[in-house]
Structures are given as structure tokens and as C-alpha cells.
J.: 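Quick one: this structure, given as C-alpha cells, is what I'll be asking you about.
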Amino acid sequence: MRGVFLDFATVSNGDIDYSPLEKELDELVVHDVTALYQLHERVQGFDIVMTNKLRIDEETMNAAGNLRLINLAATGYNNIDINAARHRGIAVTNIRGYCSDSVAQHVFTLLLALTQHLHGYQALLAEGAWRNAPQFTLLNYPVRELVGKVLGIIGYGELGKRTAELATAFGMEVLIAQRPGMDDKRPDRIALKELFKRADVISLHCPLTPDTENLIDNKALTTMKPTAILINTSRGAVVDENALVSALMDGQIAGAGIDVLSQEPPIDGNPLLREGIPNLIVTPHIAWAARESRQRAIEEMAKNIAAFRNNEMRNRVEVEKS
């Protein structure tokens with residue numbers, strides 16, 4: 001069985017071992033980067049196509065010819081035409097739980113940086129404010145404790161659950177939102193509108209679907225507390241980015257930590273990358289990217305291939321969608 005990895009550089013900076021994939025394949029071809037014009041040529045003749053973020057649509061599946069499995073190096077699969085794959089009998093697998101610790105760690109990195117006003121205090125030091133202060137400390141920015149605060153989680157899969165565990169360790173109360181777009185009556189879930197009102201921090205861990213696109217819009221933002229902080233490590237388009245900029249500029253919410261944008265890389269620019277937006281931290285989609293997580297990603301992909309060869313249904317996306 002022949003496999004091709006189209007965008008290996010999205011998971012490796014020369015620090016990841018892909019030999020687990022080689023062990024499961026008769027032949028493995030690895031490309032660090034694949035441009036769109038190269039895509040159809042590079043999938044031709046392969047049984048298994050591996051990718052992180054490249055769009056695999058109906059035309060690409062037709063170009064492949066022998067394609068039997070699309071093996072994703074990610075949990076999200078909105079870059080795959082699932083219906084076209086199902087129609088052609090092509091299996092689609094994703095990986096799950098491989099980066100839970102890394103993502104949850106990044107959520108609290110952003111949250112603590114915002115609540116401690118690290119950027120603001122670093123700027124004061126650079127200006128010489130501490131050196132010239134009349135007392136031993138600076139109190140220019142209000143620091144808030146997390147204990148007793150309410151964390152609202154939207155998307156309670158592996159990532160949301162791990163984030164909730166860390167929140168509990170900080171002494172936070174955790175609220176879990178009902179699944180957007182579904183009649184979710186589970187007793188441990190609360191309505192989105194209620195979560196927006198009660199949460200001191202909202203952390204997004206939901207996939208991008210028609211029900212979650214622009215979920216955090218102007219209406220949601222104006223419902224939140226003026227002291228609330230928004231953290232997004234899911235997908236950029238879950239947040240209306242222009243509405244978030246307005247909310248931050250107008251003081252509707254207290255801050256935001258954003259790891260994902262609606263276009264990545266943001267070659268056309270992005271409103272969240274403008275200078276002068278208060279209490280905003282943007283990171284370049286690195287919440288998942290601890291080296292340990294990236295190596296686990298490869299190992300999970302190898303397990304998916306082994307299961308596929310044994311006619312096992314491990315991590316099959318199309319099973320979930322049916």
C-alpha cells in the first residue's frame with residue numbers, strides 16, 4: 001500500500017520522526033509543502049493521502065485514481081469533502097486526543113498572560129517605570145485571581161475536558177454549553193445564552209460547522225460580562241473577527257486570546273492583526289504544537305493506517321457523519 005504525506009512541514013520543523021508511518025506502508029513519499037498546482041499530480045496513484053490542512057475536494061479525489069484512505073494529521077476535517085469521499089467509498093480518518101495537554105496548556109498561557117497583564121507590565125519595565133517608581137511595586141494594571149471565576153466551555157470533547165480539568169485545579173467553576181444547533185437537553189449542559197451571561201472566561205473548543213460559524217458574533221459579545229475574557233483555540237471562523245475587534249475597542253469585554261484566524265496564513269490581512277487593539281493576544285496557531293503532541297500525531301496516524309489495513313473502523317470520520 002502506497003502513501004503520500006502532502007504537507008509534512010505543518011507537523012515538523014525537522015524534529016519529528018515519521019518512521020511509524022513507514023512501518024505501516026509499503027512505500028511512503030513525504031513532501032514538506034504542496035502547492036495547489038501540484039496537488040493533483042502528487043496524489044496520483046496513491047492508496048493513502050495524508051494531509052493536515054490541504055483541501056481535498058471531489059476533483060482531487062478523482063485525480064488520485066486509486067485513493068482508498070484520507071488520513072488527516074488533525075482533528076478537524078472541514079477541509080475534506082466528506083460527502084464526496086463517502087460517495088466514492090474513500091475512508092476518512094482523523095486523530096483525536098493527541099494534543100489535549102498542549103492545547104489546554106496554551107489556553108491557560110493566554111488566560112494568565114491576560115489576567116496578569118504581562119504585556120502591559122513588560123512595557124512599563126521597558127519604559128523605566130519600575131526603576132523610577134517611588135515604591136517597591138507597580139500596580140498600574142489590575143491583576144485578578146482565577147479562583148472562584150467561572151469558565152464557560154463551548155465544545156466538550158477531549159480538548160474541552162482537559163481544559164476543564166486544569167480550570168478545576170485553578171479553583172474555577174466550569175460551565176459546559178449545550179451543543180450549538182442541537183436539541184441538547186443533557187442536565188450537565190447550559191444554554192449558550194446563559195453561558196455568555198455567567199462566564200468570566202469563555203474557551204472555544206468546537207469544530208467549525210454551519211452551526212458554529214460566527215457563533216461569537218456581536219450579539220454574543222454584548223451579552224458577555226464587560227470583565228469577560230474570550231479564548232479561541234478551535235477555528236478562527238467560529239468568531240466574527242470584526243465584531244471582536246469592536247468589542248475590545250469599545251470595552252464590551254475585557255480581553256481575548258486568539259490562536260486561530262479565519263484565514264491561515266493571513267495573506268490578505270486580518271482585523272485582529274491591527275495595531276492598537278487593547279487586551280488582545282494573537283498567537284500563530286500553536287496551541288496544538290508541543291513537540292510531544294506533534295510526534296503523537298504521527299503515531300496516531302500510523303495506528304489509523306494499521307486499523308484501516310485490518311478493516312477496523314478506528315477514527316473514521318464518515319462513521320460519525322452518517
Side-chain angles (χ1 to χ4, degrees), residues 1-8 10-12 16-32 34 39-101 103 155-162 179 182 205-209 288 292-322:
M1 192 169 287
R2 303 177 69 227
V4 58
F5 203 132
L6 296 169
D7 52 356
F8 187 66
T10 63
V11 296
S12 177
I16 298 301
D17 174 20
Y18 58 74
S19 64
L21 297 173
E22 290 181 309
K23 293 176 182 177
E24 301 298 336
L25 293 165
D26 301 309
E27 178 185 351
L28 173 65
V29 175
V30 175
H31 301 288
D32 282 341
T34 294
L39 182 57
H40 288 184
E41 178 184 354
R42 287 187 173 181
V43 299
Q44 286 178 14
F46 286 96
D47 305 285
I48 298 175
V49 166
M50 288 165 276
T51 183
N52 190 337
K53 292 294 182 289
L54 284 170
R55 172 73 178 164
I56 307 297
D57 57 13
E58 185 174 7
E59 289 185 4
T60 305
M61 295 176 198
N62 290 338
N66 298 331
L67 185 57
R68 297 171 58 192
L69 170 65
I70 300 170
N71 190 15
L72 288 167
T75 302
Y77 48 85
N78 54 290
N79 56 319
I80 309 300
D81 188 333
I82 297 297
N83 290 328
R86 186 189 298 116
H87 180 71
R88 287 160 178 73
I90 299 170
V92 181
T93 55
N94 65 355
I95 53 177
R96 309 167 194 180
Y98 69 101
C99 62
S100 300
D101 289 327
V103 170
Y156 199 57
E158 293 279 351
L159 304 178
K161 289 175 182 175
R162 186 64 180 124
R179 189 172 295 182
M182 296 185 66
H205 300 281
C206 49
L208 179 61
T209 69
W288 69 286
E292 295 89 346
S293 293
R294 290 182 286 116
Q295 187 63 56
R296 276 194 297 271
I298 297 301
E299 292 162 2
E300 287 296 302
M301 292 175 73
K303 291 177 183 177
N304 285 346
I305 294 172
F308 176 76
R309 299 190 73 163
N310 291 325
N311 295 315
E312 298 170 2
M313 305 301 287
R314 185 180 197 269
N315 288 347
R316 291 286 185 94
V317 170
E318 64 267 36
V319 172
E320 290 185 343
K321 297 283 287 187
S322 62

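Counting from 1, the numbers follow the sequence of the chain as shown. Note that this is a predicted model, so its numbers are computed, not measured.
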J.: Could you grab the distance from atom OG1 of Thr60 to atom CG of Leu39, nearest 0.5 Å is fine?
T.: 4.0 Å
J.: Please examine the side chains of Leu21 and Met50, heavy atoms only from C-beta on, and report whether any two atoms are closer than 4.5 Å.
T.: yes
J.: Within the 4.5 Å heavy-atom criterion, are Asp47 and Leu67 side-chain neighbours or not?
T.: no
J.: So which heavy atom on Leu159 is nearest to which on His205, and how close?
T.: CB-ND1, 3.8 Å
J.: Under a 4.0 Å N-O cut-off, is there an ion pair linking Glu312 with Lys303?
T.: no
J.: Is it the case that over 12 heavy atoms from other parts of the model lie below 6.0 angstrom from the NE2 atom of His87?
T.: no
J.: Flag the pair Leu72 / Ile95 as yes when at least one side-chain heavy-atom distance between them is below 4.5 Å, and no otherwise.
T.: no
J.: Taking only residues two or more places apart in sequence, or in another chain, which ones meet Arg294 in a side-chain hydrogen bond (donor to acceptor under 3.5 Å, both in side chains)?
T.: Asp15
J.: Heavy atoms only: give me the nearest Ile82-Val317 pair and the separation to one decimal.
T.: CD1-CG1, 3.7 Å
J.: Sequence neighbours excluded, which residues qualify as ring-ring contact (aromatic ring centres under 6.0 Å, His included) partners of Phe8?
T.: Phe5, Tyr18
J.: Taking all atoms of both residues into account, what is the closest heavy-atom pair of Ile16 and Val11, and its distance?
T.: CG1-O, 3.3 Å
J.: Show the nearest heavy-atom pair for residues Leu69 and Val92, with the distance to one decimal.
T.: CD1-N, 4.4 Å
J.: For residues Leu54 and Asp7, report the shortest heavy-atom separation together with the two atoms involved.
T.: N-OD2, 3.7 Å
J.: Taking salt bridge (Lys or Arg N to Asp or Glu O under 4.0 Å) as the cut-off, I'd like each qualifying pair that reaches into residues 50-63, sequence neighbours left out, listed once.
T.: Glu58-Arg88
J.: What's the shortest heavy-atom distance between Tyr156 and Lys161, and which atoms?
T.: O-CE, 3.4 Å
J.: By side-chain hydrogen bond (donor to acceptor under 3.5 Å, both in side chains), which residues pair with Asp81, not counting sequence neighbours?
T.: none
J.: Just jot down the ring-ring contact (aromatic ring centres under 6.0 Å, His included) partners of Tyr98, sequence neighbours excluded, or say none.
T.: none
J.: Please walk me through it: do Asp101 and Arg162 pass side chain to side chain contact (heavy atoms under 4.5 Å, CB included)?
T.: CA-CA 7 Å; Asp101 289 327; Arg162 186 64 180 124; 2.6 Å; yes
J.: Between Thr75 and Asn94, does any side-chain donor sit less than 3.5 Å from a side-chain acceptor?
T.: no
J.: Quick one, Val43 and Leu6 - any side-chain contact, counting heavy atoms below 4.5 Å?
T.: yes
J.: Check step by step if side chain to side chain contact (heavy atoms under 4.5 Å, CB included) holds for Asn79 and Ile56.
T.: CA-CA 6 Å; Asn79 56 319; Ile56 307 297; 5.6 Å; no
J.: Would you call Arg2 and Leu25 a side-chain contact if the rule is heavy atoms closer than 4.5 Å?
T.: no
J.: Could you check whether Glu158 pairs with Arg96 (Lys NZ or Arg NE/NH1/NH2 to Asp/Glu carboxylate O, under 4.0 Å)?
T.: no
J.: Return the CD to CZ distance between Glu24 and Arg309, rounded to the nearest 0.5 Å.
T.: 7.5 Å
J.: Quick one: CZ on Arg314 to CD1 on Ile305, what's the gap to the nearest 0.5 Å?
T.: 11.0 Å
J.: Does any non-hydrogen side-chain atom of Val4 lie less than 4.5 Å from one of Ile48?
T.: no
J.: Check Leu28, Val30, Asp17 against Glu22 for a side-chain contact (heavy atoms from CB on, under 4.5 Å) and give me the one that passes.
T.: Leu28
J.: Can you name the residues that form a side-chain contact (heavy atoms from CB on, under 4.5 Å) with Glu299, not counting sequence neighbours?
T.: Pro20, Gln295, Arg296
J.: Is the closest side-chain heavy-atom distance between Val29 and Phe46 below 4.5 Å?
T.: yes
J.: Evaluate the side chain to side chain contact (heavy atoms under 4.5 Å, CB included) criterion for residues Phe308 and Met313: first the C-alpha distance (whole Å), next the side-chain angles of each, then the deciding distance (0.1 Å), finally the verdict.
T.: CA-CA 7 Å; Phe308 176 76; Met313 305 301 287; over 6 Å; no
J.: Before you tell me yes or no, could you show the steps for Asn315 and Thr93 under side-chain hydrogen bond (donor to acceptor under 3.5 Å, both in side chains), namely the whole-Å CA-CA distance, both residues' side-chain angles and the distance that decides it to 0.1 Å?
T.: CA-CA 5 Å; Asn315 288 347; Thr93 55; over 6 Å; no
